[in-house]
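Below is one structure; the comments refer to it alone.
All figures in this text were calculated on a predicted structure; none of them were measured in a lab. Counting starts at 1 for both ligands and their atoms, in listed order.
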Amino acid sequence: MTTAMAAGEAATLLKHEVAGDFPDARGRYGPFGGRYVPETVVPALERLEAGIGRWLKDPEFAAELNDQLSTWVGRPTPLSYAAALSRRWGARVFLKREDLAHTGAHKINNAIGQALLAKRLGAKRIVAETGAGQHGVACAAASARLGLPCTVYMGAIDCERQAPNVGRMKLLGTTVVPVTGGDQTLRAAIDEAMRDWVSDPTDTYYLLGSVVGPHPYPYLVRELQSVIGREARAQMIRQAGGMPDAVFACVGGGSNSIGMFYPFVADSGVRLVGVEAGGRGPALGDNAATLSLGSPGVLQGSFSILLQDADGQIQETHSVSAGLDYPGVGPEHALLQRAQRVDYEYAMDDEALAALAECCEAEGILLAIETAHAFSGARRWAKAHPGSTILICVSGRGDKDMPTLQKTLLKGKL
Ligand SMILES: *Cc1c(COP(=O)(O)O)cnc(C)c1O
């Protein structure tokens with residue numbers, strides 16, 4: 001595409017995004033998104049879409065969700081001024097503290113919202129997938145809270161790598177099913193959860209964990225996570241005196257970042273930057289920098305950008321952070337990149353670990369390694385834009401990452 005054509009297309013796509021036209025009636029975000037699934041799955045997705053249309057904006061449902069968010073999740077989460085990082089970076093740095101939400105990350109916003117929806121739809125049980133286990137733990141907690149039995153599918157390899165989260169789920173009353181087929185990690189777990197759901201879509205509810213998968217999931221999860229950006233925007237006006245110059249969030253499947261960015265999309269003066277996992281380097285297989293290094297294709301029911309080889313085979317990914325280690329990304333991010341509204345870049349494993357160490361020391365906050373990628377990108381930007389005001393989404397806390405940190409930052413120090 002010539003640059004002039006690309007700029008024209010970007011302007012048109014952005015106009016529609018700002019107007020709230022996406023997803024359209026076919027579940028598309030411009031050229032991306034949609035519903036690439038077997039015929040057997042379509043009725044279940046259509047039922048879900050109708051249920052969302054009926055309940056998501058219903059005042060009674062909204063009141064019930066708000067009550068759970070304020071009395072159980074701990075919302076609104078605070079906006080913290082990071083005084084020491086501000087001095088070090090030469091910018092005003094503000095942190096949106098999703099690490100202080102119940103279960104330690106933003107994932108609970110989605111889990112409790114969908115679990116409430118499941119109840120309204122008359123479901124008798126929840127099924128979910130999990131990779132690193134964080135979404136599984138959020139689902140287990142939300143299901144327990146609402147009295148719904150929960151089954152979580154988890155790749156057999158992940159069960160071993162993330163044993164503490166398997167234990168947490170079991171304590172919360174969830175059945176954890178190790179998946180031994182396929183790649184034995186997140187992709188196989190998603191396939192298995194979908195199969196369970198489709199075999200009984202009336203009594204079972206499939207609680208998907210990020211803004212990925214077929215329509216209407218990317219829309220539903222965006223709506224439930226946008227509470228992050230709505231709160232942060234109001235808090236910036238109150239506490240910082242106005243809009244930030246730039247907003248940073250890490251991007252795995254893309255739920256904490258879309259939740260943070262979406263309420264700022266119409267604020268054209270605010271730069272939005274998504275930071276992916278650069279892993280060990282830019283070669284295929286060494287990273288999970290999907291938007292930075294990938295190409296268009298279909299993965300798990302949606303047309304988006306993904307990491308694939310020249311024959312369209314999905315590639316293994318690598319990241320020091322389990323939560324970013326996924327070869328796909330939500331279709332709305334692909335749109336926001338095409339519309340030139342969000343910049344996507346990546347931070348390497350060692351850059352993320354260095355940012356995590358700096359935030360511990362400077363602010364007394366142990367970040368999740370996923371989150372540390374956003375800090376690495378923010379630090380780079382601050383150094384190039386002295387005196388600017390920066391907002392970073394702290395997607396989660398790092399206690400879960402202690403086994404990895406023992407083997408990296410703490411190696412030889414204990
Ligand atoms: C799961 C997770 C992520 C990545 O998921 P997104 O859908 O991209 O937000 C990021 N940070 C933390 C702390 C997580 O647990």
In terms of atom number and element, which parts of ligand 1 are under 4.0 angstrom from non-hydrogen atoms of G323? 4 (C)
Numbering as shown, the atoms of ligand 1 that approach A368 to under 4.0 Å (heavy-atom distance): 13 (C)
So the atoms of ligand 1 within less than 4.0 Å of a heavy atom of G252 turn out to be 8 (O)
Could you tell me whether H106 approaches ligand 1 through its side chain, its backbone, both or neither, with non-hydrogen atoms closer than 4.0 Å? side chain
With rounding to the nearest 0.5 Å, note down the distance linking CZ in R338 to NE2 in H333. 16.0 Å
Test ring-ring contact (aromatic ring centres under 6.0 Å, His included) applied to F94 - qualifying residues, sequence neighbours left out: Y81
With a 4.0 Å cut-off on N to O distance, would you call R271 and D245 a salt bridge? no
For A105 and ligand 1, does the shortest N/O to N/O distance drop below 3.5 Å? no
Enumerate the atoms of ligand 1 whose separation from the nearest heavy atom of Q134 is less than 4.0 angstrom. 15 (O)
Just say parallel, tilted or perpendicular for the rings of Y36 and F303, cut-offs at 30° and 60°. tilted
Any non-hydrogen atom of S257 lying under 4.0 Å from ligand 1? no
May I ask you to check if R222 and Y262 form a cation-pi contact, with NZ or CZ under 6.0 angstrom from the six-membered ring centre and within 45° of the axis? yes
Heavy atom to atom 14 (C) of ligand 1, shortest distance: which of E370, E98, K107, H373 holds it? K107
Ranked by distance from atom 6 (P) of ligand 1, the top protein heavy atom is S255 N, 3.3 Å
If I compare all heavy atoms of A156 with all of T180, which pair ends up nearest, and what's the gap? CB-CG2, 4.1 Å
Answer side chain, backbone, both or neither: which part of S395 comes under 4.0 Å from ligand 1, heavy atoms only. both
Find the distance between CZ (R54) and CG (L117) and round it off to the nearest 0.5 Å. 11.0 Å
Between R397 and E98, does a salt bridge (Lys or Arg N to Asp or Glu O under 4.0 Å) hold up when you go through it step by step? CA-CA 8 Å; R397 62 172 139 97; E98 295 303 295; over 6 Å; no
Per-atom filter on ligand 1: closer than 4.0 angstrom to a heavy atom of G396 are 13 (C)
Could you tell me how the ring of W197 sits relative to the ring of Y217: parallel (under 30°), tilted (30 to 60°) or perpendicular (over 60°)? perpendicular
Atoms of ligand 1, numbered as shown, that sit under 4.0 Å from any heavy atom of S210: 7 (O)
Within a distance under 4.0 Å of any heavy atom of G254, pick out the atoms of ligand 1 and give their elements. 6 (P), 7 (O), 8 (O)
